[in-house]
2 protein chains.
Amino acid sequence: MLDALVNTLTKYVTLSPEEVDIIESLFIFRSFRKRQYILQEGEIARFETFIVKGVTRTFEVDEKGQEHVLQFGLEDWWIGDLYSFLTETPTKSNIDCLEDTQVYQITKPNLEILYERVPKMERHFRIVIQNAYIASIKRVASSLAKTATERYLDFTTQYPQIEQRVPNHQIASYLGITAQSLSRIRSQAHKKQQ
Amino acid sequence: MLDALVNTLTKYVTLSPEEVDIIESLFIFRSFRKRQYILQEGEIARFETFIVKGVTRTFEVDEKGQEHVLQFGLEDWWIGDLYSFLTETPTKSNIDCLEDTQVYQITKPNLEILYERVPKMERHFRIVIQNAYIASIKRVASSLAKTATERYLDFTTQYPQIEQRVPNHQIASYLGITAQSLSRIRSQAHKKQQ
DNA sequence: GAAAAAAATTAACCTATGGTAATTAAAATG
DNA sequence: CATTTTAATTACCATAGGTTAATTTTTTTC
């Protein structure tokens with residue numbers, strides 16, 4: 001179990017056994033059932049969460065009551081609301097599990113201890129955040145430049161694993177369209193392929 | 001001049017005079033005229049750029065030849081294409097100056113030297129990127145949940161300085177709408193205010 | 001494995017925003 | 001300061017995607 005976490009943490013930095021012990025002592029392992037919430041709107045995000053197994057969805061609910069998927073989470077991904085976590089203010093996000101999910105979590109105080117005792121972890125998390133930032137910019141660029149059809153096709157090629165494990169109406173929400181529109185897009189795409 | 005850079009670099013960390021010297025030796029100062037390009041599509045982004053004075057716009061051109069503004073840059077902001085910079089691959093972005101602009105730039109090798117000689121700069125850049133990432137996520141959320149009118153009003157309250165210094169059609173592009181649509185939105189907003 | 005719940009599809013109609021074009025206003029330049 | 005260039009506005013029609021609603025399919029649950 002811890003292996004999955006340590007393997008990922010050593011992706012951009014090398015760790016000694018003592019450092020692995022420190023890490024082990026600072027993370028908490030938790031299990032969630034499908035449909036359980038890892039984080040709910042109004043709470044302060046006390047943890048950053050690393051997914052060992054499972055699928056999650058992070059979404060916000062707007063004033064009209066509509067849900068908007070900001071992010072999916074899969075094995076080896078970090079999820080959470082970084083803003084709430086860092087500023088210790090209530091989150092607007094919800095995270096629930098689309099499958100039974102196992103995670104490692106770290107609190108802000110423990111993350112600070114981690115940075116202090118294993119300074120090279122700053123490097124790891126800088127790179128993790130860099131990559132998340134780059135992905136987010138790509139998403140902005142794609143929402144500015146592309147039609148819903150193009151965005152859907154990009155999504156299916158970029159995240160085939162997600163497409164298989166997540167209901168279409170969640171993908172539609174991620175793409176910023178309704179389930180009905182996605183259905184229409186899919187049926188048109190199938191027609192063209194024939 | 002260097003003050004502006006050092007002030008910002010010390011926002012999240014404290015620096016000794018020796019460390020300030022190291023920084024001074026690793027950055028390059030450059031001046032650009034309005035309309036000059038700091039970065040053009042196809043180049044490798046050799047620098048991350050800190051704006052001392054001026055306004056920039058980062059944009060991509062899509063297959064249909066349309067420009068889409070990804071980011072504006074103002075005093076004390078970092079701009080650049082992090083992906084191209086880190087991976088040393090050709091950028092799809094262009095950065096040009098909307099006013100005469102002065103910047104400090106750092107190359108990737110020099111940034112690595114900086115991290116090595118002044119390790120706490122990892123912290124600074126992790127936080128800079130964190131903040132940029134958080135802003136990008138907010139933009140995604142807003143593009144999913146909000147109408148163009150709402151996004152425009154949010155923009156004017158969040159970035160009043162940009163609204164003053166940047167032509168409306170660039171703001172329209174940033175918001176993902178045409179200049180004509182923004183014009184319509186503005187005239188409707190004015191009507192309601194009366 | 002039957003019943004209930006959740007997800008996907010289809011269709012008819014509606015609306016926000018895009019595209020094109022023409023007009024006016026403002027800013028840059030020699 | 002006259003001319004050219006750039007920016008903003010307005011109007012009219014086109015269209016992608018939203019809304020509502022009904023129907024079918026799939027998945028979950030007891």
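This one's a predicted model, so the numbers in the text were calculated from it and none came from an experiment. Chain identifiers are assigned alphabetically (A, B, ...) following the order of the sequence lines, protein sequences preceding nucleic acid strands; residue numbering begins at 1 within each chain.
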Query - Shortest side-chain distance from A:I177, nucleotide among C:dA8, D:dG17, D:dA8 - result: D:dG17
Report task. May I ask you to decide if B:V140's main-chain N or O and B:S143's side chain share a donor-acceptor pair within less than 3.5 Å? Result -> yes
Report summary line: Out of C:dT10, D:dT28, C:dG18, minimum distance to the side chain of A:S183 belongs to C:dT10
**Report entry** Distance in angstrom units between B:Q188 CD and C:dT15 P, rounded
**Finding:** 14 Å
Query - Residues B:E48, B:K108: salt bridge by 4.0 Å N-O rule - result: no
Query raised in the report: CD of B:Q180 versus P of D:dA14: gap in Å, rounded?
Result: 17 Å
Query raised in the report: Parallel under 30°, tilted from 30 to 60°, perpendicular over 60°: which one fits the rings of B:W78 and B:F125?
Result: perpendicular
Query raised in the report: In whole Å, what is the span from the CG atom of B:L175 to the P atom of C:dA16?
Result: 17 Å
Query raised in the report: B:R184 CZ to C:dA16 P: how many Å, rounded?
Result: 10 Å
Query - B:H169 side-chain N/O to D:dT6 phosphate OP1/OP2 under 4.0 Å - result: no
Requested in this report: Indicate whether OP1 or OP2 belonging to C:dT17 is found under 4.0 Å from a side-chain N or O atom of B:T178.
Outcome: no
Report summary line: Comparing nearest nucleotides in DNA chain C, the 5'-proximal residue of the pair B:R35, B:Q66 is B:Q66
Report summary line: A:Y152 OH to D:dG17 C1', in whole Å, measures 17 Å
Query raised in the report: In whole Å, what is the span from the CZ atom of A:R186 to the C1' atom of C:dT10?
Result: 14 Å
Query raised in the report: What's the NZ-C1' distance between B:K146 and C:dT17, to the nearest Å?
Result: 19 Å
Query raised in the report: Hey, does B:K34 reach any base, or is it just sugar-phosphate, or nothing, if we go heavy atoms under 4.0 Å?
Result: sugar-phosphate
Query raised in the report: Among the nucleotides D:dT9, C:dA8, C:dA28, which one has an atom lying closest to any side-chain atom of B:N168?
Result: D:dT9
Query raised in the report: Taking the six-membered ring of A:Y83, is the NZ or CZ of A:K92 close enough (under 6.0 Å from the centre) and on axis enough (within 45°)?
Result: no
Query - Side chain A:T157, main chain A:L153, donor-acceptor under 3.5 Å - result: yes
Report summary line: A:P167 has its side chain closest, among C:dA7, C:dG18, D:dG18, to C:dA7
Report summary line: Checking D:dT10, C:dT17, D:dT28 against the side chain of B:S187 (C-beta onward), the nearest is D:dT10
Report task. Measure from NZ on B:K64 to P on C:dG18 and round the result to the nearest Å. Result -> 12 Å
